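Have a look at the structure below, then the notes.
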Amino acid sequence: MSSFNTLYQQVVGNHYDFGTGTWAIDSNKIKMELDQYGTYHPYLVDKEYEFTEAEIELLRQTCLSTSTKNESDIAQSLFEGTDNIKYSPQLGYYNGLYVWSCVGGKLS
């Protein structure tokens, strides 16, 4: 399996950071298309193209899922110690929760 296929399976196959379009910006060998569910995915323009290690590394660097910091680490550096910010292991950092429902087209 090529390095690109391995990275693609890790990021797209596991439903991580895949719909952002950054790969299509990083490489003209990749385009973004909607799948049958209306979700954007990166697709190879030329399925036979072999990415260089430098190209793979560029793609890897643009993915949060493959960086050394995860979303919780990034959020902690941004929000920890901020007034009125709460933290929940399930939700992460937040400053309020809002819940509503819609019945018959009317918010309640």
Side-chain angles (χ1 to χ4, degrees):
M1 181 177 279
S2 75
S3 295
F4 175 78
N5 289 341
T6 302
L7 181 62
Y8 189 92
Q9 184 56 42
Q10 178 185 3
V11 174
V12 180
N14 290 319
H15 303 286
Y16 294 143
D17 178 32
F18 61 86
T20 63
T22 57
W23 281 9
I25 293 169
D26 291 339
S27 173
N28 63 0
K29 304 295 183 192
I30 299 172
K31 63 181 176 178
M32 298 298 293
E33 290 184 352
L34 292 173
D35 67 8
Q36 68 268 25
Y37 304 108
T39 304
Y40 275 112
H41 288 276
Y43 291 95
L44 287 175
V45 173
D46 176 5
K47 294 185 189 300
E48 302 300 317
Y49 182 76
E50 291 291 327
F51 286 87
T52 66
E53 285 304 314
E55 290 172 317
I56 296 293
E57 186 57 32
L58 178 61
L59 297 175
R60 185 175 284 114
Q61 289 176 10
T62 62
C63 296
L64 283 176
S65 61
T66 59
S67 68
T68 55
K69 287 189 170 187
N70 63 35
E71 291 169 340
S72 295
D73 293 338
I74 294 168
Q76 182 177 11
S77 68
L78 291 171
F79 301 116
E80 187 175 54
T82 303
D83 291 341
N84 300 320
I85 294 289
K86 300 168 191 74
Y87 177 78
S88 162
Q90 292 81 19
L91 301 174
Y93 288 89
Y94 65 97
N95 66 357
L97 298 174
Y98 306 93
V99 179
W100 67 88
S101 65
C102 182
V103 179
K106 295 180 182 180
L107 290 177
S108 57

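Just the heavy atoms: all of them, side chains too, but no hydrogens, waters or symmetry mates, feed the values below. Keep in mind the model is a prediction, meaning the values are calculated, not measured.
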* Check whether any side-chain heavy atom of Ile30 lies under 4.5 Å from a side-chain heavy atom of Tyr43, and answer yes or no. => no
* To do: Answer yes or no: are there more than 12 heavy-atom neighbours, outside Gln36 itself, under 6.0 Å from its atom CD?
  => yes
* Asked: How would you list, by chain and number, every residue that makes a side chain to side chain contact (heavy atoms under 4.5 Å, CB included) with Leu97, sequence neighbours excluded?
  -> Leu91, Tyr94
* **Side chains of Trp23 and Val11 in contact at under 4.5 Å (non-hydrogen atoms)** => yes
* From CG (Asp26) to CD (Glu57), nearest 0.5 Å -> 11.5 Å
* Who pairs with Ile85 by side chain to side chain contact (heavy atoms under 4.5 Å, CB included), at least two apart in sequence or on another chain? -> Phe79, Thr82, Tyr93, Asn95
* **Close side-chain approach of Phe51 and Leu58, heavy atoms under 4.5 Å** => no
* Quick one: side-chain hydrogen bond (donor to acceptor under 3.5 Å, both in side chains) partners of Gln76, sequence neighbours excluded? -> Glu80
* Structure fact -> Sequence neighbours excluded, the answer for side-chain hydrogen bond (donor to acceptor under 3.5 Å, both in side chains) partners of Glu53 is Ser3
* Asked: In the single-linkage hydrophobic clustering (I, L, V, M, F, W, Y; side-chain heavy atoms under 4.5 Å), do Ile56 and Tyr8 co-cluster?
  -> yes
* Residues in side-chain hydrogen bond (donor to acceptor under 3.5 Å, both in side chains) with Tyr49, at least two apart? -> Glu55
* Would you mind listing every salt bridge (charged side-chain N to carboxylate O under 4.0 Å, His left out) that reaches into residues 29-47, with sequence neighbours excluded? => Lys31-Glu33
* Asked: Any sub-3.5 Å donor-acceptor pair from Thr62's side-chain atoms to Leu59's backbone N or O?
  -> yes
